[in-house]
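Chain A is the first sequence line, chain B the second, and so forth, proteins listed ahead of strands; every chain is numbered from 1. Here the structure is a predicted model, which means the values were calculated and not measured. What's counted below: heavy atoms across the whole structure, side chains too, no hydrogens, waters or symmetry copies.
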Amino acid sequence: MRIPCPHCGERGNEEFLYRGVAGLARPAANAPDTQWHDYVYLRDNPFGSHRELWQHVHGCRRWLVVTRDTHTHTIADVADVATPAP
Amino acid sequence: MTYSFWRVAREALRGNTGWKPAWRDPVPKEHYDVIVVGGGGHGLATAYYLAKLHGITNVAVLEKGWIGSGNAGRNTTIIRSNYLLPGNEVFYEHSMKLWEGLEQDLNFNTMVSQRGVLNIFHSDGERDAAARRGNSMRLHGADGELLDAAQVRAMVPLFDFDNARFPIKGGLLQRRGGTARHDAVVWGYARGADRRGVDIIQNCEVTGIRVEAGRVRGVETTRGYIAAGKVGLACAGNTSRVAALAGLRLPIESHVLQAFVSEAIKPLVHTVVTFGAGHFYISQSDKGGLVFGGDIDGYNSYAQRGSLPIVEDVAEACMALLPCTGRLRVLRSWGGIMDMSMDGSPIIDRTPVDGLYLNAGWCYGGFKATPASGWCFAHTIAHNEAHAIIAAMRLDRFATGAIIDEKGAGAQPNLH
Ligand SMILES: Cc1cc2nc3c(=O)[nH]c(=O)nc-3n(C[C@H](O)[C@H](O)[C@H](O)COP(=O)(O)OP(=O)(O)OC[C@H]3O[C@@H](n4cnc5c(N)ncnc54)[C@H](O)[C@@H]3O)c2cc1C
Ligand SMILES: [Zn+2]
């Protein structure tokens with residue numbers, strides 16, 4: 001699998017670190033335990049399109065949001081986390 | 001039909017015309033007392049023990065492909081009970097005891113081979129950790145022996161003891177560990193369950209779970225609706241997808257794990273060996289092929305095939321430990337989808353839906369668990385209550401904080 005980094009171009013996935021699903025909303029510090037439980041532990045774990053965080057550790061070191069199909073590994077979109085979603 | 005030496009001899013003289021299929025191919029009934037979703041080792045073992053130990057025989061196992069087509073047929077067949085934490089060790093030791101009597105119980109040759117599992121260590125820190133884990137195993141009634149480098153050398157002479165970076169200092173050996181024949185485990189449980197009246201229904205995918213007023217009523221399948229008193233999920237890597245049909249969201253991510261087998265060679269690795277300086281393990285099949293594997297690929301996947309960086313990583317670890325394998329050819333590699341849980345330990349429990357039960361989170365170690373998983377899951381389903389052996393393996397442990405994190409890696413499934 002190769003990931004097209006917006007800064008470095010297409011690179012092998014071994015250059016990247018994987019961090020799991022992107023876009024989980026972090027609860028407030030005083031939110032109830034159930035919200036923290038859901039945030040820390042529960043995942044949709046979808047078959048198909050998945051927005052996820054990768055860091056280009058052996059390249060530009062930027063965090064990226066990659067939209068990838070978990071069944072075919074086709075990558076539909078890659079954006080720097082600092083770039084607001086369209 | 002009972003298998004025996006006498007039967008083999010008799011069939012040999014009669015041109016092998018008397019063998020019958022080991023299980024039936026029934027048409028689904030309209031209603032079952034219990035439906036088990038997933039015809040892997042765990043699902044079939046569950047059905048077997050429901051019938052054998054709890055007298056519940058109006059049971060169906062629904063499998064979307066053929067039985068054993070998931071991880072049960074893809075794993076590297078290692079069995080062991082060498083865990084550190086009490087919540088795990090009681091359970092895996094129970095499983096080891098069931099393995100030790102499995103062939104007699106099932107009247108099926110599951111080729112359980114107690115050739116030992118040897119965890120090699122390369123530093124003083126790793127030796128301390130191994131000693132601690134070995135002590136924990138012994139406190140739970142399992143066996144564990146700490147070996148020095150000379151003792152390890154006597155067992156596996158061709159390993160690279162004087163590697164400049166990873167010199168071998170010794171190992172933690174569990175002699176009762178070893179391997180079993182994965183397909184035979186599936187077939188043995190299937191035959192045992194079928195003989196006690198369980199319907200094994202293949203090519204039957206569960207596409208919906210009917211829940212009314214908080215209680216499970218049955219399942220929609222590609223072969224029509226089937227009503228059920230209780231439904232147990234044993235879907236391994238597909239657990240999140242199937243549980244979502246009942247509205248559940250779980251502490252699980254699906255990841256791919258690869259395995260490899262080499263061409264057959266003369267006996268070289270007489271036990272199961274794990275490398276301490278990287279994630280790598282190796283054993284040798286009875287046919288002579290070296291069977292080995294390493295890390296999961298590390299990102300969510302339902303693809304049942306892995307990527308090349310892990311192939312390279314595994315090959316490098318193999319060379320670091322066993323340089324003499326350098327010119328050996330790899331025959332096959334494959335991948336299976338694992339249900340990686342958030343603490344790296346399994347879940348066998350009730351769910352918030354009445355009558356719906358969950359068996360999941362096996363990560364890459366669920367084959368060795370097969371007998372105890374089925375045994376405990378059958379108990380949970382029959383009594384609507386967890387057995388003491390799995391008191392720690394609850395679904396709510398993530399909420400209560402009583403997680404079973406062997407590795408201490410936190411809620412990051414690709415690190416377990
Ligand atoms: C490469 C590899 C190596 C491994 N090595 C080891 C090892 O050495 N030792 C060890 O202890 N463990 C090992 N494991 C882990 C072990 O194989 C699994 O944890 C274990 O097999 C999971 O339980 P199971 O046998 O019931 O799973 P599976 O065989 O995967 O059974 C689940 C079944 O559910 C079915 N299913 C899914 N969705 C549906 C649906 N909607 N309707 C109907 N059926 C459905 C699937 O088709 C599948 O047959 C390894 C795994 C892999 C992939
Ligand atoms: Zn980059």
Side-chain angles (χ1 to χ4, degrees), chain A residues 1-5 8 10-27 31-59 63-78 81, chain B residues 235 237-245 247-256 295-313 316 335 337-344 347 352 360-361 395-403 405 410-416:
Chain A
M1 188 169 77
R2 293 172 70 77
I3 300 176
C5 174
C8 313
E10 192 181 277
R11 312 303 284 253
N13 75 292
E14 69 273 26
E15 287 188 10
F16 297 80
L17 174 105
Y18 182 71
R19 184 69 189 141
V21 68
L24 290 176
R26 187 182 175 88
D33 285 355
T34 51
Q35 276 184 33
W36 275 100
H37 164 260
D38 295 2
Y39 168 72
V40 175
Y41 294 113
L42 300 191
R43 298 291 178 263
D44 288 337
N45 192 21
F47 180 101
S49 182
H50 191 229
R51 286 183 74 241
E52 55 200 23
L53 289 167
W54 292 79
Q55 188 189 12
H56 196 183
V57 280
H58 296 301
W63 281 96
L64 309 173
V65 177
V66 177
T67 309
R68 180 180 60 95
D69 188 302
T70 57
H71 185 225
T72 63
H73 297 337
T74 313
I75 293 177
D77 187 54
V78 182
V81 279
Chain B
C235 306
N238 281 291
T239 297
S240 295
R241 297 171 73 194
V242 182
L245 300 173
L248 303 181
R249 223 173 144 232
L250 299 175
I252 287 173
E253 278 181 8
S254 295
H255 286 256
V256 63
D295 259 325
I296 54 176
D297 278 38
Y299 44 85
N300 288 48
S301 176
Y302 284 98
Q304 287 191 322
R305 64 187 148 75
S307 63
L308 292 171
I310 289 291
V311 178
E312 193 175 9
D313 187 65
E316 282 170 358
I337 301 304
M338 251 100 29
D339 35 343
M340 298 300 295
S341 68
M342 282 285 172
D343 60 357
I347 300 160
L395 179 56
D396 70 359
R397 68 175 184 266
F398 301 93
T400 59
I403 54 170
D405 192 344
Q412 190 62 29
N414 62 352
L415 299 183
H416 286 294

Non-hydrogen side-chain atoms of [X] and [Y] separated by less than 4.5 Å:
{"X": "A:D44", "Y": "B:S240", "result": "no"}
{"X": "A:H73", "Y": "B:S301", "result": "yes"}
{"X": "A:R43", "Y": "B:M342", "result": "yes"}

- Task: Would you check, one step at a time, whether the test side chain to side chain contact (heavy atoms under 4.5 Å, CB included) holds for B:D343 with A:Y41?
- Result: CA-CA 9 Å; B:D343 60 357; A:Y41 294 113; over 6 Å; no
- Message: Does atom CG (A:D33) have a neighbourhood of more than 12 heavy atoms from anything else shown, all under 6.0 Å?
- Response: no
- Message: Would you say CG of A:L24 has more than 12 non-hydrogen atoms from neighbouring residues, nucleotides or ligands within 6.0 angstrom?
- Response: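 It does: A:L24 CG has more than 12 such atoms within range.
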What part of [X] gets closer than 4.5 Å to chain A, counting heavy atoms only: side chain, backbone, both or neither?
{"X": "B:L250", "answer": "backbone"}
{"X": "B:N414", "answer": "side chain"}
{"X": "B:E253", "answer": "both"}
{"X": "B:I310", "answer": "neither"}
{"X": "B:R241", "answer": "side chain"}

- Message: With chain A as the partner, which of B:A399, B:S307, B:A243 has the greatest number of non-hydrogen pairs under 4.5 Å?
- Response: B:A399
- Item | Best-contacting candidate, B:V256, B:T239, B:N300, against chain A by heavy atom pairs under 4.5 angstrom |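 The answer is B:N300.
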- CG of B:D297 to CD of A:E14, rounded to nearest 0.5 Å, is 11.0 Å
- Query: Parallel, tilted or perpendicular: which describes the rings of B:H255 and A:Y18, with under 30° parallel and over 60° perpendicular?
  - Reply: perpendicular
- Any chance the side chains of A:N45 and B:S254 put a donor and an acceptor closer than 3.5 Å?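 Short answer, yes.
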Need one label for [X]: side chain, backbone, both or neither, based on atoms under 4.5 Å from any heavy atom in chain B.
{"X": "A:T34", "result": "neither"}
{"X": "A:D69", "result": "neither"}
{"X": "A:R19", "result": "both"}
{"X": "A:H50", "result": "side chain"}

- Could you walk me through whether A:W54 and B:Y299 pass the side chain to side chain contact (heavy atoms under 4.5 Å, CB included) test, one step at a time? CA-CA 10 Å; A:W54 292 79; B:Y299 44 85; 3.4 Å; yes
- Taking every non-hydrogen atom, the tightest pair across B:P251 and A:L42: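 Nearest heavy atoms, B:P251 then A:L42: N-CD2, 3.7 Å.
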- Task: List the atom of A:P46, the atom of B:Y302, and the distance in Å for their closest heavy-atom pair.
- Result: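 Between these two residues, the closest heavy atoms are O-CE1, 3.1 Å.
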